[in-house]
Amino acid sequence: MKLLVVNPNTTEGMTARIGEAARAAANTGTQIVAVNPASGPASIEGYFDEAFAVPGMLEEIIKGDKAGVDATVIACFDDTGLEAARCCARGPVIGIGEAAFHLAALIAHRFSVVTTLSRSIAPIEGNLMKYGLDRRCARVRACEVPVLALDDPASGARAKLSAEIARAKAEDHAEAIVLGCAGMAELAASLAREHDLPVIDGVAAAVKLAEALVALGHATSKRGPYAAPLAKRFTGAFAQLGA
Ligand code: 5HY
């Protein structure tokens with residue numbers, strides 16, 4: 001199968017790391033195509049960035065759909081533009097946030113999320129409520145490391161993330177941890193060993209769920225809100241999207 005993995009921000013180094021994490025989790029028969037849009041924010045931290053990441057991301061997903069991908073993963077933890085993406089792609093579209101929440105709820109009664117900055121907490125809490133998984137999440141926490149500092153050894157990112165996980169265990173009685181950023185993917189295994197509890201990376205979770213849906217022959221239902229967009233006139237920067 002051919003799996004499109006879209007990093008909605010424009011940082012190519014992060015897209016490459018996300019692609020590696022996806023390939024590490026994928027079956028041998030799964031071809032991973034990791035892309036990011038040319039236009040939009042370098043990282044997504046909160047509502048404003050998210051809004052400006054969506055158009056460029058949707059253009060990449062429409063291109064992938066025309067190129068015949070079997071499924072799409074949105075590799076940003078706030079599941080940027082997930083519903084709109086499901087309207088314009090025929091195959092399944094999996095957000096790494098939703099995927100990680102569901103996997104965590106399968107192996108723990110209560111889990112906590114550790115994301116980057118505090119401003120990212122509210123969008124994530126909103127998604128948990130939308131997915132009906134808020135009652136299984138003890139708390140959404142932030143380790144106060146900006147997205148683009150995660151791969152900078154000088155930022156102390158891993159130590160700050162590890163300390164926040166320790167607080168989640170002690171204060172939330174978390175039985176599992178969900179890493180709240182695609183840029184944390186490669187840290188999951190070592191943090192799970194260090195803290196002796198399941199630590200879930202959304203990129204791997206989404207890849208496995210996409211593979212499962214395609215293997216079962218399931219695609220997004222077009223009978224309701226995810227039906228294909230109605231043809232209409234678009235003006236300005238998005239005129240090419242219109243009828
Ligand atoms: C992410 N931002 O996974 C989110 C994390 C966050 O650019 N990739 C980003 O802080 O919301």
Side-chain angles (χ1 to χ4, degrees), residues 4-22 25 32 34-58 60-61 72-82 85 93-104 112-131 137 139-152 155-158 160-161 164-165 168 177-188 191 199-207 209-210:
L4 182 71
V5 177
V6 187
N7 168 22
N9 72 42
T10 57
T11 302
E12 290 175 2
M14 191 169 172
T15 305
R17 286 174 36 235
I18 290 168
E20 280 162 35
I32 301 287
V35 300
N36 60 259
S39 59
S43 66
I44 298 165
E45 292 155 335
Y47 295 119
F48 183 83
D49 300 343
E50 189 182 346
F52 279 92
V54 173
M57 181 198 76
L58 292 178
E60 292 303 322
I61 291 176
T72 298
V73 166
I74 295 179
C76 181
F77 199 79
D78 57 14
D79 297 340
T80 314
L82 180 60
V93 180
I94 312 287
I96 64 170
E98 188 175 20
F101 300 149
H102 281 293
L103 259 64
S112 287
V113 176
V114 182
T115 190
T116 55
L117 301 178
S118 296
R119 64 175 49 234
S120 293
I121 292 176
I124 294 168
E125 289 175 339
N127 285 346
L128 281 159
M129 280 188 270
K130 187 167 58 176
Y131 305 147
C137 180
R139 185 165 169 194
V140 180
R141 295 169 166 270
C143 61
E144 301 307 344
V145 176
V147 170
L148 297 183
L150 284 168
D151 67 333
D152 170 8
S155 72
R158 191 189 184 290
K160 290 176 183 168
L161 185 48
E164 201 58 40
I165 291 174
I177 297 294
V178 168
L179 296 180
C181 181
M184 296 171 178
E186 66 251 20
L187 298 171
L191 288 166
V199 174
I200 294 172
D201 152 47
V203 174
V207 167
L209 286 176

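Throughout, numbering of the chain's residues begins at 1 and tracks the sequence. Read the numbers this way: they start at 1 and go in the same order the structure lists the ligands and their atoms.
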Short N or O distance, E45 and ligand 1, threshold 3.5 Å exclusive: no
Residue, atom name and distance, where the atom is the protein heavy atom closest to atom 4 (C) of ligand 1: C76 SG, 3.4 Å
Heavy-atom side-chain contact between I177 and L191 under 4.5 Å: no
E186 bridged to R17 by N-O distance under 4.0 Å: yes
Whether A53 lies under 4.0 Å from ligand 1, heavy atom: no
Side chain proximity check, S120 to D78, heavy atoms < 4.5 angstrom: no
Residue A182 vicinity, atoms of ligand 1 by number, heavy atom under 4.0 Å: 1 (C), 3 (O)
contact_flag L117 ligand 1 heavy-atom lt 4.0 Å: no
C181 and ligand 1 - part of the residue with a heavy-atom distance under 4.0 Å: both
Top protein contact for atom 10 (O) of ligand 1, by heavy-atom distance: T116 OG1, 2.5 Å
Residue M14 vicinity, atoms of ligand 1 by number, heavy atom under 4.0 Å: 8 (N)
I74 side chain near D79 side chain, heavy-atom distance below 4.5 Å: no
Close side-chain approach of E98 and N127, heavy atoms under 4.5 Å: no
Geometric N/O contact I44 with ligand 1, under 3.5 angstrom: yes
Contact check: S120 vs ligand 1, nitrogen or oxygen atoms, below 3.5 angstrom: yes
Atoms of ligand 1, numbered as shown, that sit under 4.0 Å from any heavy atom of G180: 5 (C)
Residue pair C181 / V147, side-chain heavy-atom distance below 4.5 Å: yes
Atom indices of ligand 1 within 4.0 angstrom of S43 heavy atoms, with elements: 7 (O)
A149 backbone acceptor or donor facing S155 side chain under 3.5 Å: yes
4.5 Å side-chain heavy-atom contact, L179 and L161: yes
